[in-house]
Amino acid sequence: MTETENNKILEVKNLSTYFYTDDGVVKAVDGVSFDLKKGETLGIVGETGCGKSVTALSILRLIPQPLGRIIGGEIIFEGRDLLKLEQEDLQNLRGNKISMIFQDPMTSLNPVYTVGNQVMESLIVHRKLKKEEARREGLKLLEMVGIPEFKRRFNSYPHEFSGGMRQRVMIAMAIANSPSILIADEPTTALDVTVQAQILELMDELKYKTNSSIIIITHDLGVVAKYADRVMVMYAGKPVEFSSVDNIFYKPMHPYTIGLMKSVTRLDEEKRGKLKPIEGLPPSLIDLPKCCIFRARCKYVCDECKREYPPLVEIEKDHFVSCYRGKEFMEGIIKRFDN
């Protein structure tokens, strides 16, 4: 086994998660593969409905049934395929080895229990602490995540906290057992800019304190640029580009990634001109064609794009792209930021 393989803490291989509706089969995640290394932050980006959150929920097998179903693939963690675990083993893993911070803390926290009790629950279940021990640890966690007057607020209810404070409580619950992997599903949604920055800095700081790896799902490319080490770009349930954050931002090779970069405001905007949004809309995930699903919005379409979906291939070292024109982008034949 190579050093790189040794460094992998999670491997997702050809994951597919479908939802069976009255209108047809929604292929929310269709053949997603990636790996997560120890101590790194992986960003997953893409438009709404591209499969980011479903990918995260699939890792912990939290897909609502019977509507949703993981139909194939492997999720390898600590040498075990999570898709083959019994429910008891899975329950021991959730919130212990792998934790998740959900988008909306108000709906994720139980309104009839104090935040202290909810933080203590994970400590009692997974670490088998006595109630008083769990209370002491819970107070330390609330202090660690920056809850003001944490001793008094320990006995408060979720509705008595602001959005930012509720998110801090969710982070305290997620890191209670020093998980190996922390999944953050748009953790700063609906928070104001200053609170967003505080939450992200807190997560980054805790990553180094607990030596955990983070998967952060977001629409905000600025967040990805600052905090992620590698990035997976998704479109219509599939990964279209996967590489280091520098490659994604400075050397994108998929037309969709290029479009995302051109849609972001920059300090040198006067030189580059107006923002150039990606024309068109994402396709319906029901009855997707077998050809390239981005072709209707792409101005670089070739004959191959119309016949078959491009596989995700390594164009250069550690830079994977799902595009028949990827090599041309790399060689500079097509100007990536042209008019």
Side-chain angles (χ1 to χ4, degrees), residues 12-34 43-59 63-64 67-73 103 185-186 189 217-221 224 231-243 248 252-264 275-313 315 320-329 334 336-338:
V12 176
K13 301 177 182 179
N14 203 30
L15 176 68
S16 295
T17 302
Y18 295 175
F19 290 86
Y20 295 84
T21 71
D22 293 338
D23 296 324
V25 180
V26 178
K27 297 182 178 180
V29 171
D30 193 18
V32 169
S33 298
F34 66 91
I44 302 180
V45 301
E47 292 169 290
T48 298
C50 72
K52 305 184 300 295
S53 295
V54 176
T55 299
L57 291 171
S58 297
I59 292 172
I63 300 299
L67 185 66
R69 194 182 311 160
I70 301 172
I71 66 155
Q103 284 190 40
D185 186 4
E186 299 191 37
T189 299
I217 296 165
T218 181
H219 290 96
D220 192 334
L221 292 174
V224 170
V231 183
M232 180 171 70
V233 182
M234 292 187 66
Y235 183 78
K238 294 179 179 288
V240 295
E241 190 159 0
F242 183 37
S243 192
I248 294 296
M253 293 185 192
H254 193 283
Y256 178 63
T257 311
I258 294 168
L260 290 179
M261 295 302 112
K262 291 164 70 175
S263 301
V264 177
L275 295 178
K276 300 184 178 79
I278 303 172
E279 295 182 1
L281 296 171
S284 166
L285 298 181
I286 299 174
D287 297 326
L288 284 169
K290 293 184 178 180
C291 53
C292 178
I293 49 182
F294 187 66
R295 76 194 189 290
R297 305 174 72 184
C298 180
K299 61 181 180 180
Y300 304 116
V301 177
C302 61
D303 290 338
E304 288 176 294
C305 305
K306 300 173 184 178
R307 291 195 296 265
E308 189 177 3
Y309 187 82
L312 191 70
V313 296
I315 300 292
F320 298 85
V321 185
S322 173
C323 180
Y324 289 118
R325 309 295 291 272
K327 288 186 178 180
E328 295 178 48
F329 283 107
I334 300 173
R336 285 189 288 274
F337 295 96
D338 62 359

| Hey, what do you get for CZ (Phe294) to SG (Cys305), rounding to the nearest 0.5 Å? | 10.5 Å
| said: Give me the atom names and distance for the closest heavy-atom approach of Ala56 to Ile217. | reply: CB-CD1, 3.3 Å
| task | Please list, chain by chain and in numerical order, all residues satisfying side chain to side chain donor-acceptor pair (under 3.5 Å) with Glu308, sequence neighbours excluded. | result | none
| field | Salt-bridge contact Arg325-Glu328 (side-chain N to carboxylate O under 4.0 Å) | value | yes
| Arg69 NZ/CZ over Phe19 ring centroid, <6.0 Å and within 45° of normal | no
| request: Work out which heavy atom in Pro239 is nearest to a heavy atom in Tyr309; give both atom names and the distance. | output: O-OH, 4.2 Å
| Would you call Pro252 and Met261 a side-chain contact if the rule is heavy atoms closer than 4.5 Å? | yes
| note | So CD1 of Ile258 and OG of Ser263: to nearest 0.5 Å the spacing works out to 11.5 Å
| task | Check the surroundings of atom CG in Asp287: do more than 12 heavy atoms from other residues, nucleotides or ligands lie under 6.0 Å from it? | result | no
| task | Starting at CD of Glu304, measure out to SG of Cys292 and round the result to the nearest 0.5 Å. | result | 11.0 Å
| said: Would you compute the distance between atom SG of Cys50 and atom NZ of Lys52 and round it to the nearest 0.5 angstrom? | reply: 4.0 Å
| task | Give a yes or no answer on whether the side chain of Glu241 reaches the backbone of Val233 with a donor-acceptor pair at less than 3.5 Å. | result | no
| query | Can you check whether Phe34's main-chain N or O pairs, donor with acceptor, with Lys13's side chain at less than 3.5 Å? | reply | no
| task | Take Arg297 and Tyr235, measure what side-chain hydrogen bond (donor to acceptor under 3.5 Å, both in side chains) needs, and give me the verdict at the end. | result | CA-CA 12 Å; Arg297 305 174 72 184; Tyr235 183 78; 3.3 Å; yes
| Ile71 and Thr17: side-chain contact (heavy atoms from CB on, under 4.5 Å), yes or no, with the steps? | CA-CA 6 Å; Ile71 66 155; Thr17 302; over 6 Å; no
| Hey, does the side chain of His254 reach the backbone of Ser322 with a donor-acceptor pair shorter than 3.5 angstrom? | yes
| task | Walk me through it: do Val45 and His219 pass the test side-chain contact (heavy atoms from CB on, under 4.5 Å)? | result | CA-CA 6 Å; Val45 301; His219 290 96; over 6 Å; no
| Heavy-atom pair with the smallest gap, counting every atom of Gly24 and Ile286 | CA-CG2, 4.0 Å
| Do the non-hydrogen side-chain atoms of Leu288 and Pro283 ever get within less than 4.5 Å of each other? | yes
| request: Only one of Val29, Val32, Asp30 passes side-chain contact (heavy atoms from CB on, under 4.5 Å) with Ser16; say which it is. | output: Asp30
| request: Would you mind reporting whether Val240 and Val321 have side-chain heavy atoms less than 4.5 Å apart? | output: no
| message | For a quick test of reading the model, state the closest non-hydrogen atom pair linking Met253 to Phe329 and the distance between them. | response | O-CD1, 3.2 Å
| After noting the C-alpha distance and the side-chain angles of Ile70 and Ser58, does the key distance pass the side-chain contact (heavy atoms from CB on, under 4.5 Å) rule? | CA-CA 7 Å; Ile70 301 172; Ser58 297; 4.0 Å; yes
| task | Of all the heavy-atom pairs spanning Leu285 and Ala28, show the shortest one and how long it is. | result | CD1-CA, 4.0 Å
| said: Can you list everything that forms a ring pair (Phe, Tyr, Trp, His ring centres under 6.0 Å) with Phe242? Sequence neighbours excluded, please. | reply: none
| message | Within this structure, what is the CD1-CZ distance for the pair Ile315 and Phe320, rounded to the nearest 0.5 Å? | response | 10.0 Å
| request: Give, for atom CG of Asp185 and atom OG1 of Thr55, the distance between the pair rounded to the nearest 0.5 Å. | output: 10.0 Å
| task | List in chain and number order the residues that pass side chain to side chain donor-acceptor pair (under 3.5 Å) with Asp220, two or more places apart in sequence or in another chain; answer none if no residue qualifies. | result | none
